[in-house]
Amino acid sequence: MKPRVLVSRAVFPEVIARLAGHFEVDDNQADVILGVDGLKARLAGKAGALTAATDPLTADVIAAAPSLKALCNFAVGYNNIDLAACTRAGVMATNTPGVLDDTTADLAWALLMASARRLPAAERWLRNGEWKGWEFVQWLGTDVHHATLGILGMGRIGQTVARRAWGFDMKVLYHKRTPLPAEQEAACRASWVDKETLLRESDFLVLLLPYSPATHHIIGAAELALMKPTAHLINVARGGIVDDEALIAALRGGRLAGAGMDVFEGEPKLNPGFLGLDNVALTPHIGSSSRSTRMAMAMTAADNLIAALGGQRPPNLLNPEVFK
Ligand code: GLV
């Protein structure tokens, strides 16, 4: 008998077909949000699951599924999974690093450009029929070229964002706890600075940190106060890294020129304060959302699940101590 697995959210039919070659698949192509109770019910009797960043895979959920051997997130972030609880229960957890770097870096740039040149507000104005004639001093934005790009969190996606800055002749600064090895830093043409210098000198600050208790509100009122009033903040990482209330106050009070936000505290119920602001570009957590990248992410998660339940070490194992 094939092992039984859950696919917790709607995915491409090709992914279900691939899994069906190995497993008895309980899919959720209707895309009902399962939540804690739904996950507990649907994980019962399952050997593994393909899961999304929106699934709360808490200690409670994991304890309720004693047959579980692998949870394979189709996301690079895995703050939705209680990794320690997985390890205690002998459950392998995996993510999808690498395949989404370019697509996510592209969105960071899209938001950066949109915020710099005020695209969302200008477009709304045009659609509302408010454009009565061209004016010389109309919709003045901020130059991206030759500006200073700051990157907080310089993993794979941060480095990909940095390389895209070359075409704009930008100075690139970054901060992470441990500076990159010299040759990797040179390959990005980026310089390490301390966090305060990064905040003070960036014209555009892109956040690319994983969310954890240590990064909760790493950008709050005090950090925003250090930034230039002409600067723009871009978050394509995770909600909760930024104190959204403090950001809204800074944008409203003219203490920050603009922001580009793909992720929010409490999403999808984002702080309504964002909606009344013209100096913020908003997207609904679509960083990795191109067809080919989402397919690659789902297939990577499927590879991990097939390996894990087939007795092989999954390629993207997050808790190697569980693999025997
Ligand atoms: C998306 O947010 C991801 O972590 O892949």
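Computed over heavy atoms, backbone and side chain alike; hydrogens, waters and symmetry mates excluded. Atoms within each ligand, like the ligands themselves, are counted from 1 in listed order. For reference, positions follow the sequence shown, starting with 1.
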Among pairs that include at least one residue of residues 167-193, which meet salt bridge (Lys or Arg N to Asp or Glu O under 4.0 Å), considering only residues two or more places apart or in two chains?
none
May I ask you to say whether Glu196 pairs ionically with Arg200, meaning some side-chain N is under 4.0 Å from a carboxylate O?
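The answer is yes: the pair qualifies as a salt bridge.
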Go through the structure and list residues passing ring-ring contact (aromatic ring centres under 6.0 Å, His included) with Trp166, not counting sequence neighbours.
none
For Phe274, all residues meeting ring-ring contact (aromatic ring centres under 6.0 Å, His included), sequence neighbours excluded
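Checked Phe274 against ring-ring contact (aromatic ring centres under 6.0 Å, His included); matches are Phe264.
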Hydrogens and angles aside, do Asn279 and Arg118 bring a side-chain donor and acceptor to less than 3.5 Å of each other?
no
Contact residues of ligand 1, where a non-hydrogen atom lies under 4.0 Å away
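Residues within 4.0 Å of ligand 1: Ala75, Val76, Gly77, Leu100, Arg238, His285, Met297.
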Classify the ring geometry of Trp109 against Phe168: parallel below 30°, tilted from 30° to 60°, perpendicular beyond 60°.
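Rings of Trp109 and Phe168: parallel, under 30°.
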